[in-house]
Protein chains: 2
Amino acid sequence: MRIAIDAMGGDNAPDAIIAGCLKALDDINNDSLVLIGDEAVVKQKLGPADRWQKRIELVHAPESIPMDAPPVEGLRRMRNSSINIMSKLAAERSVDVVISAGNTGACVAACQMRMRLLPGVQRPGILVVLPTFQGPLTLLDVGANIAPKASHLHQYALMGAVFTRQVLNVANPRVGLISIGQEDAKGNELVKKVNQLLWDDPNVNFIGNVEPREVLNRPADVIVCDGFVGNVILKLTEGIAEGLFKAILAELAQIKPDMIEHFRPVINSLYAKHDYNEYGGAPLLGVDGICIICHGSSDPRAIRNAILRARQQAQLDINQKIAEQIASVPVDES
Amino acid sequence: MRIAIDAMGGDNAPDAIIAGCLKALDDINNDSLVLIGDEAVVKQKLGPADRWQKRIELVHAPESIPMDAPPVEGLRRMRNSSINIMSKLAAERSVDVVISAGNTGACVAACQMRMRLLPGVQRPGILVVLPTFQGPLTLLDVGANIAPKASHLHQYALMGAVFTRQVLNVANPRVGLISIGQEDAKGNELVKKVNQLLWDDPNVNFIGNVEPREVLNRPADVIVCDGFVGNVILKLTEGIAEGLFKAILAELAQIKPDMIEHFRPVINSLYAKHDYNEYGGAPLLGVDGICIICHGSSDPRAIRNAILRARQQAQLDINQKIAEQIASVPVDES
């Protein structure tokens, strides 16, 4: 298997990316990595050639799309960017997997355009494995599709359930739909339509609407929502967790300063148990190939884990199973 | 001033509501309360008449709309519900303020229908004062309007700024718009339109898009979003804070059980500083009258605080100032 990685994408690129690749080498058997980026920089950062030269191939990409660039414009202006070149390699089938911690919108757009979609899939969606206090759940879409139709969310339910069954080993994943009330009639027009589609589809083990307040109690195995709302949920969760730990430490400093050193291990242990780096990236489901979007702030461990998860996804043949599931469920375009 | 309270609405009604009213009596000078609900029950819960009879008037309402009933259907079927009767009293101007911890949708619909809107206001919006680690901010809409037009959000920015200036004493409130990226081009079609409207309006001290991750760092004084997204933000924040404290206590129990008793006061102190009960309810801005929506789980203190906040809103003449602001800014219906 050939696994391509965008060496230039992410807040800590290229250092964290390259360190993550080197970390992964011991765990990927005979598979090889293809690092795409400024060749001279990447080579220098990789260090002594005997550590990597038979396992890592370099592909030169002189440009890199900035994290905050408008995606489509970035792709158009920077034809020789790492994301552009990476998605071309994937389209030519000269790599089996692409991984980027760079500009998410650009990566989604490039993969969608060049790799094409699995037969019958209307739109790709980004799935995250969200660590909750009751174990992991999958949430999609978290930002690939911010103006979806109801049929797109229906397909996300199907694709998310396949992923959850195969990767998280949940036999018959319960699917929930984010809304602002559990009752079927609660929600905006999109949510109400999707609610009906999911109840009507015997292929989906739908449990109904789930409320945001319940998400961290893991009310379902798969939770579906539009990409704008999913992105809000993901980012707000990260922000609140960070902020709350900071607030607790500040409060301790004020009222029980001697407890701080005892409390830090508790936070560290909680972080270790609920760390998104563990899952190392979010698959873009629905594209004809394997594309993993990493968090911009990914550290070397997250990159290593993304590489291992991508291999697992390929080995479990998730895409074949998604294609079969989508083919068996007629979904109209409404 | 006559302040009407729905005695039957809320998870802890009527007990918590009635206890909150009795608690408030000492702080409202010569204003009087009008409790609407099952008269026999309310009378019995109020206890000895000498405590309240000159200050609290009872209005009988034999029905109560359940918390999870479809709002419009609930209002139609239960003509003699506390919410229906309360909104009629407000429409007749026989009470100055209405307060309910009951079915939010029903309360919004009843007030919007019967009290009418302030001149020029297109849609009412629910504003919450959100306690953050850096002080309070206001967030609207959190659920009155889940399919808004861009012009509604523009008006929410104007109304939210008036409220924040008058009630939180912020001289020139900075207004932010929730999106999934800070750049103006990020977001769905609605958000992009609103972003443009707010930059174009010199009456709004717009600072641009704000990301959900930053909300608890108080990036702006007023944050605007559609009602679906606002409700998700509000409920998710509550759920995560609750869940995280539970997780910390569980973790402590496992690795440092002797610290639990020292840690509880820290949590309590944080809760006290960031407690939504302090703000005691969320005003429905834009209606021609004062309507305060309380959290379903309101305790007596929250109800008392809602009564005091409602008086403050009336005394500061917020509605007059909102009407002036709206009149000075032509907003088209697009």
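Convention: sequence-line order gives letters A, B, ...; per-chain numbering from 1.
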Quiz item: At a heavy-atom separation under 4.5 Å, does A/Ile255 approach chain B through its side chain, its backbone, both, or neither?
Solution: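 A/Ile255 touches chain B through side-chain heavy atoms alone.
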
Self-check item: Part of A/Ser179 within contact of chain B (heavy atom distance under 4.5 Å)
Solution: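 Both backbone and side chain of A/Ser179 come within 4.5 Å of chain B.
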
Beyond-backbone contact of [X] with [Y], side-chain heavy atoms, under 4.5 angstrom:
| X | Y | answer |
| --- | --- | --- |
| A/Leu139 | A/Ile233 | yes |
| B/Val222 | B/Leu140 | yes |
| A/Asp221 | A/Val175 | no |
| A/Leu177 | A/Phe206 | yes |

Against chain A, label [X] side chain, backbone, both or neither, depending on which of its atoms sit under 4.5 Å from a heavy atom there.
| X | result |
| --- | --- |
| B/Ala247 | both |
| B/Leu190 | neither |
| B/Glu242 | side chain |
| B/Ile240 | both |

Quiz prompt | Flag, side chain of B/Asn231 to backbone of B/Gly143, donor-acceptor distance under 3.5 Å | solution =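 Absent.
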
Quiz prompt | Pair A/Arg76-A/Glu73, salt bridge (Lys or Arg N to Asp or Glu O under 4.0 Å): steps then yes or no | solution = CA-CA 5 Å; A/Arg76 202 182 302 126; A/Glu73 200 184 311; over 6 Å; no

Practice problem: Give the member of A/Val232, A/Leu252, A/Leu234 that has the highest number of heavy-atom pairs under 4.5 Å with chain B. | Solution: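 Highest number of pairs under 4.5 Å: A/Val232.
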
Self-check item: Pick from A/Val229, A/Val215, A/Ile248, A/Leu216 with the largest number of heavy-atom pairs that fall under 4.5 Å of chain B
Solution: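 It is A/Ile248.
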
Quiz item: If you take all heavy atoms of B/Glu251 and A/Val266, which pair is closest and at what distance?
Solution: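 So the two residues come closest at CG-CG1, 3.8 Å.
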
Quiz item: Looking at B/Ser269, B/Ala185, B/Ala147, which one has more heavy-atom pairs under 4.5 Å with chain A than the rest?
Solution: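 The residue among B/Ser269, B/Ala185, B/Ala147 with the greatest pair count is B/Ser269.
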
Exercise. Select, from B/Glu189, B/Glu214, B/Lys235, B/Gln182, the one with the greatest count of heavy-atom pairs under 4.5 Å involving chain A.
Key: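 Heavy-atom pair counts peak at B/Lys235.
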
